[in-house]
Asker: 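Handing you a structure now.
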Amino acid sequence: MNIATTTSSIPSNLDLATLSQGLFIDNKWSPSGSGNSITVIDPSTEAVLAHVPDATVADAARAVSAASNAAGGWRDTAPRMRSEILRRCYELMIERSEMLAMLISLENGKALRDARSEVAYAAEFFRWNSEEAVRISGEFGIAPGGANRIVVDYQPIGICVLITPWNFPAAMATRKIAPALAAGCTVILKPASETPLTAYALATLYEDAGVPAGVVNVLTTSNPGPVTAAMLADPRVRKLSFTGSTAVGRQLLGEAAKSVINCSMELGGNAPLIVFDDAQLQTALDGTMIAKMRNAGEACTAANRIYVQAGIYEAFTRGLVERMSALKVGNGVDPATECGPMITPAAVEKIERLVADAVKGGARVLCGGIKPSSKGFFYPPTVLADVPSQAAMAHEEIFGPVAAITKFTTEDEVVANANNTEYGLAAYVFTSDLARGLRMARQIEAGMIALNRGLVSDPAAPFGGVKQSGLGREGGQHGILEFLEAKYIAATF
Ligand code: NAD
């Protein structure tokens with residue numbers, strides 16, 4: 001495989017020193033109490049990009065205090081004003097989109113075209129929630145007994161701790177920050193240590209958009225367990241919104257339970273992608289490439305198990321091999337790249353383990369499958385056919401550019417296989433039979449179903465999972481509700 005890598009890929013317009021100068025608390029950059037730092041690596045070249053401060057429990061308490069001091073003012077800011085500020089965040093993100101996309105590609109490794117899509121998607125959460133901020137309504141009714149009126153007022157839930165993963169460093173942050181601010185909450189964001197620079201670049205943007213001091217605070221730490229536990233134990237904190245792995249989500253639910261903190265959880269996935277004999281072959285292949293290869297497979301919604309009906313199996317597999325082997329692998333920031341590196345060496349090792357296990361169980365490698373020796377954390381686009389249902393990759397997130405294909409015969413069989421997982425985030429169905437598509441949508445246990453397409457994410461739609469893929473929804477009209485509490489007033493007048 002030919003990998004087009006270079007050793008240095010920092011574009012001259014990126015000021016990494018500004019983005020790594022401190023924790024962002026109260027609209028000021030401040031050093032961490034520990035004096036220690038976290039090293040940020042370019043996964044395309046393995047070069048050191050920057051060192052960001054490593055926050056302590058005491059730093060986190062400072063951030064909670066800043067959020068607490070700002071809470072009353074922000075809650076009482078007129079919705080129209082909050083809306084205008086969010087709208088300005090959207091406009092500034094669009095103005096700075098090329099810089100932000102470069103930064104994402106640099107620290108995450110994703111292909112620039114994927115990073116550009118992420119910035120557009122991430123910015124849209126500001127626009128959508130600027131519109132939602134002025135649409136928070138209440139309820140008014142008569143108690144069935146007739147003695148009083150039932151008035152329901154939606155109030156901001158309070159100070160929120162937001163924790164985000166590295167795979168969408170901008171979008172996972174704005175998907176939480178925008179509805180939280182629209183609802184009138186103040187927040188502390190803890191981004192992933194692998195991709196902190198995007199979170200700090202966004203911090204400069206909030207300030208420029210007019211977000212008051214203390215409303216959004218950002219801190220990075222290599223010690224997320226104790227730092228988060230301390231924030232959740234602080235009685236001023238009322239909400240945890242987490243996006244990340246199911247394993248960490250479970251731990252955090254346990255931690256939040258100690259103070260009965262309201263939780264939203266966007267967790268891992270194991271999406272089935274099902275192609276029926278009657279599917280349009282080109283549509284199915286186009287959709288599969290998006291569902292599998294967006295972010296080089298490092299997406300919670302990535303098609304993890306590809307089930308193809310016997311009659312279309314050969315043609316589909318051949319078509320997918322053609323497309324996967326034609327992908328250009330290279331540095332994230334190279335505009336020609338279609339598949340960048342994985343985030344860490346550990347991510348590559350996990351993929352190697354899963355592929356070896358599947359092959360041992362009888363899977364056939366049709367392309368890729370061998371890690372290159374070049375610098376950077378690369379794994380090639382790979383297609384495996386005849387992946388057995390007991391293979392580890394049918395039960396764990398691959399989180400990489402490996403398409404795992406399994407043949408099926410009947411609808412009942414594929415529904416049973418699709419649901420044979422603890423996860424339930426997204427699923428993809430390709431069929432020309434609309435009734436069958438809707439029947440599958442009803443039967444598959446997932447929060448989101450894509451019918452004849454490879455993408456579900458949309459800021460205007462409720463994103464989230466069932467089973468161990470999560471609790472709550474982000475986006476659409478549901479997103480802001482996660483940051484509001486219904487207050488009931490029984491009124492006699
Ligand atoms: P992760 O769970 O390892 O980390 C997520 C975040 O949690 C990071 O900021 C990390 O520093 C922090 N963290 C880790 N341990 C912690 C602890 N003990 N206490 C508090 N915080 C802690 O996940 P990741 O590897 O960064 O991201 C990949 C995972 O995220 C995948 O499982 C993917 O499916 C999932 N994901 C889900 C969605 C969704 O919307 N459902 C979106 C993107 C990613």
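Numbering starts at 1 and runs along the sequence shown. In listed order, ligands and their atoms are each counted from 1. Computed over heavy atoms, backbone and side chain alike; hydrogens, waters and symmetry mates excluded.
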Asker: Please classify the R175 to ligand 1 contact at 4.0 Å (heavy-atom distances, strictly less than): side chain, backbone, both or neither.
Answerer: side chain
Asker: I need the contact type for Q251 against ligand 1. Using non-hydrogen atoms and a strict under-4.0 Å cut-off, is it side chain, backbone, both or neither?
Answerer: side chain
Asker: What part of F168 sits under 4.0 Å from ligand 1 if we count only heavy atoms: the side chain, the backbone, both or neither?
Answerer: neither
Asker: Between T45 and D42, does any side-chain donor sit less than 3.5 Å from a side-chain acceptor?
Answerer: yes
Asker: For ligand 1, which atoms, with element, lie under 4.0 Å from some heavy atom of P191?
Answerer: 9 (O)
Asker: Pick one of side chain, backbone, both or neither for how E397 approaches ligand 1, counting any non-hydrogen atom pair under 4.0 Å.
Answerer: side chain
Asker: My understanding is that only one of F24, Y206, W29 makes a ring-ring contact (aromatic ring centres under 6.0 Å, His included) with Y200; could you say which?
Answerer: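 The residue from F24, Y206, W29 that satisfies ring-ring contact (aromatic ring centres under 6.0 Å, His included) with Y200 turns out to be W29.
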Asker: What part of L252, side chain, backbone, both or neither, has a heavy atom within less than 4.0 angstrom of ligand 1?
Answerer: side chain
Asker: Under 3.5 Å between any N/O of W166 and any N/O of ligand 1: does that happen in this structure?
Answerer: yes
Asker: Kindly confirm or rule out an N or O of L267 lying under 3.5 angstrom from an N or O of ligand 1.
Answerer: yes
Asker: Can you name the atoms of ligand 1, numbered from 1 with element, that are less than 4.0 Å from a heavy atom of T164?
Answerer: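 Going through ligand 1 atom by atom, the ones under 4.0 Å from T164 are 6 (C), 8 (C), 9 (O).
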Asker: Identify, by atom number and element, the atoms of ligand 1 in contact range of N167, meaning under 4.0 Å from any of its heavy atoms.
Answerer: 43 (C), 44 (C)
Asker: Would you say atom 4 (O) of ligand 1 has a protein heavy atom nearer than 4.0 Å?
Answerer: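 It does not; no protein heavy atom is within 4.0 Å.
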